[in-house]
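Here is the naming used below: chain letters follow the sequence lines, and residue numbers restart at 1 for every chain. Keep in mind the model is a prediction, meaning the values are calculated, not measured. FYI, side chains are in, hydrogens and waters are out, and symmetry mates aren't considered; it's all heavy atoms of this structure.
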2 protein chains.
Amino acid sequence: MVHAETWAELALERLRRESGRSGTARREVVELLGRHDCCVSALELHDALRARGSRVGIASVYRTLEGLDRSGLVERVDLGDGIARFEPARGDEHHHHHFLCDDCGKVEPFADPALEAALERLAGGSGFAVDAHDVVLRGACGDCRAPVT
Amino acid sequence: MVHAETWAELALERLRRESGRSGTARREVVELLGRHDCCVSALELHDALRARGSRVGIASVYRTLEGLDRSGLVERVDLGDGIARFEPARGDEHHHHHFLCDDCGKVEPFADPALEAALERLAGGSGFAVDAHDVVLRGACGDCRAPVT
DNA sequence: CCAGCCGATGAGAACGGGTATCATTATCGC
DNA sequence: GCGATAATGATACCCGTTCTCATCGGCTGG
Ligand SMILES: [Zn+2]
Ligand SMILES: [Zn+2]
Ligand SMILES: [Zn+2]
Ligand SMILES: [Zn+2]
């Protein structure tokens, strides 16, 4: 493989190709996002960058995420709390969905082949051209369930 | 059954029991929502009511929906566009999920036993107490796919 | 290497769905 | 009817996200 690149390097190169320019904010956001395996919000990214001394503006965080989304480089995750979260799109082998604890807000990723198979079968048999699907499970996590034992 | 009621009548009675009072706004919202089988937004309900001459305030719409949600009388549907939608909870036999067209915004409900089975198996085998799940399929609907034929 | 073009950036205003507040209205037990 | 009190509606507010615009800075022609 000539391009033994990380997701971050690949994403940066792809973004650069679109406009012919690069920039510091973009690079910082992409590199930080690249260290995550599961979803992060724009505000979390912004706060983390500012905490380490960066001067990135929140607008640049959103702009970068929007660009990544347009190019299919991130997955947009909506857990129903009105906050958009993003995670690097690393391909089918990393595809997963999320469990959300209603009590403590913890987010846990999970993958299930049977679920994916059911979704694919469903997509194929419908009159729609399905190109994405989201699944969110809600309930109580191990720490929060049965606190009165 | 003594109470051969519609969903709207049942919901109104249940809400009334919680506070001992009834009101016009509440009744209008519940009755209108009861005529829907699939998801509607608070604004859509409000607009429809005002259009027919009602003086309901948007706050009452949200308050009613919140009360219905607390009592499990509605399903809260999140399609990822930042707008909360609601549909009457009429029981398992009416349980369904949604397909959303990215082009025209059309929402189409669907039900699939295999999908539900996969979700139940998944919930049982996890360390979580899953009590709700959401599935959203996204893509192009029949009208919007292959416009160049 | 330099000047200058033009996209990228950041501060802050604007936007919009949803919530909180509060004075007023309407319901229910008496 | 009367009073206590929940329900209501107008509106201020909150907060995540998007828009605006003056400035900055990466790239390219010279
Ligand atoms: Zn994830
Ligand atoms: Zn928890
Ligand atoms: Zn529906
Ligand atoms: Zn469509």
Verify the contact: side-chain N or O of [X] to OP1 or OP2 of [N], cut-off strictly under 4.0 Å; return yes or no.
X	N	value
B:Arg50	D:dA10	yes
B:Tyr62	C:dG18	yes
A:Ser60	C:dA8	no

Practice item. Assign each of B:Thr24 and B:Arg21 to its nearest nucleotide of DNA chain D by heavy atoms, then name whichever residue's nucleotide is nearer the 5' end. Key: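 The residue closer to the strand's 5' end, by nearest nucleotide, is B:Arg21.
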Using a heavy-atom cut-off of 4.0 Å across all strands, would you classify [X] as base, sugar-phosphate, or nothing?
X	answer
B:Ser41	nothing
B:Arg27	nothing
B:Ala25	sugar-phosphate
B:Ala42	nothing

Review point. Considering the terminal five base pairs at each end of the helix from C:dC1-D:dG30 to C:dC30-D:dG1, what angle separates the two local helix axes, rounded to 10°?
Key: 30°
Point to revise | Lys/Arg N to Asp/Glu carboxylate O, A:Asp112 vs B:Arg121, below 4.0 Å | key: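 Judged by the 4.0 Å cut-off on N to carboxylate O distance, A:Asp112 and B:Arg121 do not form a salt bridge.
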Exercise for review: List the steps and the verdict of ring-ring contact (aromatic ring centres under 6.0 Å, His included) for A:Phe99 and B:Phe128.
Suggested key: CA-CA 8 Å; A:Phe99 168 84; B:Phe128 312 112; 3.7 Å; yes
Expressed in angstrom and rounded to an integer, what is the separation of [X] atom [atom1] from [N] atom [atom2]?
X	N	atom1	atom2	value
A:Ile58	D:dC19	CD1	P	15 Å
A:His46	C:dG12	NE2	C1'	12 Å
A:Glu18	C:dG7	CD	C1'	13 Å
A:Arg55	C:dA11	CZ	P	8 Å
A:Asp47	D:dC15	CG	C1'	14 Å
A:Glu28	C:dG10	CD	P	8 Å
A:Leu49	C:dT9	CG	C1'	14 Å
B:Leu65	C:dT19	CG	C1'	13 Å

Given [options], the nucleotide with the shortest approach to the side chain of [X]:
X	options	value
B:Ser19	C:dG18, D:dA7, D:dC19	D:dA7
B:Ile83	D:dT8, C:dG18, C:dA20	C:dG18
A:Val56	C:dG10, D:dG16, D:dA7	C:dG10

Check your understanding: Is B:Val77 reachable from B:Val74 through a run of hydrophobic residues whose side-chain heavy atoms are each under 4.5 Å from the next?
Key -> no
**Study point:** Test side chain to side chain contact (heavy atoms under 4.5 Å, CB included) applied to A:His98 and A:Leu79, step by step
**Key:** CA-CA 8 Å; A:His98 303 90; A:Leu79 299 178; 4.1 Å; yes
**Study point:** Side-chain donor-acceptor pair present, B:His95, B:Glu116, cut-off under 3.5 Å
**Key:**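 Side chains of B:His95 and B:Glu116: pair found under 3.5 Å.
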Practice item. Using only heavy-atom distances, determine whether the side chains of A:His97 and B:His133 contain a donor-acceptor pair under 3.5 Å. Key: no
Exercise for review: Determine, step by step, whether B:Leu33 and B:Trp7 satisfy the side chain to side chain contact (heavy atoms under 4.5 Å, CB included) criterion, reporting the C-alpha distance in whole Å, the side-chain angles of both residues, the deciding distance to 0.1 Å, and the verdict.
Suggested key: CA-CA 9 Å; B:Leu33 183 57; B:Trp7 173 87; 3.7 Å; yes
**Study point:** No-H, no-angle donor-acceptor pair, B:Arg63 side chain to C:dG18 base, under 3.5 Å
**Key:**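 No.
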Study note, to complete from the structure: Taking for A:Ser54 and for B:Ser22 the nucleotide of DNA chain C with the nearest heavy atom, the one nearer the 5' end belongs to A:Ser54
**Study point:** Heavy-atom neighbours of A:Arg16 CZ exceed 12 at 6.0 Å
**Key:** no
